[in-house]
Colleague: 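Below is one structure. I have some questions about it.
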Amino acid sequence: MSSSRDSHAREHHGPNPTTLRLRAVRFRYEDSAWSLSISDLQLGSERITCIVGPNGSGKSTLLRIAAGILPAGEGSVSLNGCSVDGMSRRTIARVVGYLPQESPAFFDYAVEAVVGMGRYAHTRGIGIMTDRDTRAVNHALAAVNMTAFRGRPLSHLSGGERRRALIASVLAQEPGILLLDEPTAALDPHHAVAVMRLLSDFEGDGPSVVAVTHDINLAALFSERMLLLVDGRIRVDGTPADVVRPDVMQEAYGEDVMVREHPETGGPIVVARRWPVAGTPRP
Ligand code: ADP
Ligand code: MG
């Protein structure tokens, strides 16, 4: 099912984008029968790749392995061709930004401080911020429209605002590749679209993005490449049109979704069904 992504290689990111490659990964959690198996997956050559798949299909696990947080089992993860084994977290963090699905609770810290923490891989010591660090923080806050909230503690924000502040902290890191686990969860439609637009359209040497999302429609609208994960395996690796197809969606999500055309782009979108079969009476 996997297909070559070479035709989608970006030009605007220059000839040497930051790439992550997972090979022969076979990962199991302790005492668990479930496994993630990835034979060969390269990430980072497209502006934005979205990973979709049912709950429990292994999306977060895949991202944790790519970020170097979980071991690859028997397999390997390489960053720009070098194995991440033995690389320090700080070395990896200079080029790989990772936003977990559940973020650590920095509740007492102000937004600005949390975004500043994104600079840790670059700063020489805790709390020593150069002009360059300050500029990165300001730029990241502006990108997610959170400048006005900079002085507020995280605990005084809505769920969506907190999410945006945390996205700013990985942007401030200025990585070559961003791995984001459900960045638009808890965001209203306006902010979800704004975040996807931002993530899909970094200029010049901006990072490439790999985002896990349940919002198949946002993924289909914005991504260059989509991966569908089912039960720890990559079921489809292709364009939105390869993934958002009636047969594929039905296989992954059952009878509860239909595929239609986006009224503006003509691209595929999914529509939830109220009843399992259209036209049948209410059960
Ligand atoms: P997704 O992000 O697609 O919802 P996950 O990667 O979180 O899926 O989980 C994949 C599978 O691994 C699920 O069956 C889940 O229950 C299991 N799992 C996730 N985290 C752990 C863990 N820390 N220990 C044991 N099993 C886990
Ligand atoms: Mg998850």
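When a ligand or atom number is given, it counts from 1 through the structure's own listing order. The shown structure was predicted, so the numbers you read here are calculated from the model rather than taken from an experiment. Residue indices begin at 1 and follow the sequence shown.
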Colleague: Among protein heavy atoms, which sits nearest to atom 4 (O) of ligand 1, and what does the distance come to when rounded to 0.1 Å?
Modeller: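 Of the protein heavy atoms, Gly56 N, 2.8 Å lies nearest.
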
Colleague: Is Glu74 salt-bridged to Arg23, cutoff N-O under 4.0 Å?
Modeller: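 So Glu74 does not pair with Arg23 through a salt bridge.
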
Colleague: Take the Mg ion (ligand 2) and tell me which protein N, O or S atoms are nearer than 2.8 Å.
Modeller: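 Listed by chain and number, the nearby protein N, O or S atoms are Ser60 OG, Gln101 OE1.
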
Colleague: Give a yes or no on whether atom 21 (C) of ligand 1 lies under 4.0 Å from any heavy atom of the protein.
Modeller: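 Yes, at least one protein heavy atom sits under 4.0 Å from atom 21 (C) of ligand 1.
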
Colleague: Quick check against the 3.5 Å criterion: does Arg150 have a side-chain atom that pairs as donor or acceptor with the backbone of Leu141?
Modeller: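 No, Arg150 side chain to Leu141 backbone: no donor-acceptor pair under 3.5 Å.
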
Colleague: Which of the atoms of ligand 1 are close to Pro54, meaning less than 4.0 Å from one of its heavy atoms?
Modeller: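 The list of qualifying atoms is 3 (O).
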
Colleague: Is Met226 close to Ile51 at the side-chain level, that is, under 4.5 Å between some pair of heavy atoms?
Modeller: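 No, too far: nothing below the 4.5 Å cut-off.
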
Colleague: Do NZ/NE/NH1/NH2 and the carboxylate oxygens of Arg119 and Asp133 come within less than 4.0 Å?
Modeller: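 Yes, Arg119 and Asp133 are salt-bridged.
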
Colleague: Is any side-chain heavy atom of Cys50 closer than 4.5 Å to one of Thr213?
Modeller: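 The answer is yes, as the side chains (C-beta and beyond) meet within the 4.5 Å cut-off.
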
Colleague: Please report whether atom 18 (N) of ligand 1 has a protein non-hydrogen atom at a separation of less than 4.0 Å.
Modeller: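 Neighbour list for atom 18 (N) of ligand 1 includes protein heavy atoms (cut-off 4.0 Å).
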
Colleague: Should Lys59 and Asp181 count as an ion pair when the cut-off is N to O under 4.0 Å?
Modeller: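 Not counted as a salt bridge, because no side-chain N and carboxylate O are separated by less than 4.0 Å.
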
Colleague: Just by modelled atom types, is the Thr130 backbone N or O under 3.5 Å from a matching donor or acceptor in the Thr134 side chain?
Modeller: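 It does hold such a pair.
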
Colleague: Taking Glu174 first and then Arg94, would you say they form a salt bridge - that is, a charged N and a carboxylate O separated by under 4.0 Å?
Modeller: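 No, no charged N to carboxylate O under 4.0 Å.
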
Colleague: Quick check on contacts: which atoms of ligand 1 are under 4.0 angstrom from a heavy atom of Asn55?
Modeller: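 Under 4.0 Å from Asn55, ligand 1 has these atoms: 4 (O).
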
Colleague: Starting from atom 7 (O) of ligand 1, what is the nearest protein heavy atom, named by residue and atom, and what distance separates them?
Modeller: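 Checked against all protein heavy atoms, atom 7 (O) of ligand 1 sits closest to Ser60 CB, 3.7 Å.
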
Colleague: Hey, looking at atom 9 (O) of ligand 1, which of Leu229, Thr61, Leu62 has the closest heavy atom?
Modeller: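 Nearest option to atom 9 (O) of ligand 1, by heavy atoms: Thr61.
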
Colleague: Are any non-hydrogen side-chain atoms of Leu79 and Val95 less than 4.5 angstrom apart?
Modeller: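 Yes - at least one pair of side-chain heavy atoms lies under 4.5 Å apart.
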
Colleague: For ligand 1, is any non-hydrogen atom under 4.0 Å from Ser32's backbone (N, CA, C, O), its side chain (CB onward), both, or neither?
Modeller: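 No part of Ser32 is near ligand 1 at this cut-off.
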
Colleague: If we only count heavy atoms from C-beta on, is the Leu62 to Leu22 side-chain gap below 4.5 Å?
Modeller: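 Yes - at least one pair of side-chain heavy atoms lies under 4.5 Å apart.
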
Colleague: State, yes or no, whether a side-chain contact exists between Val243 and Pro240 at a heavy-atom distance under 4.5 Å.
Modeller: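 Not touching, per the 4.5 Å side-chain cut-off.
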
Colleague: Atom 3 (O) of ligand 1: which protein heavy atom is closest, and how many Å away?
Modeller: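 Of every protein heavy atom, Lys59 NZ, 2.7 Å lies nearest to atom 3 (O) of ligand 1.
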
Colleague: How far is atom 8 (O) of ligand 1 from the closest protein heavy atom, and which atom is that?
Modeller: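 Of the protein heavy atoms, Gly58 N, 3.2 Å lies nearest.
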
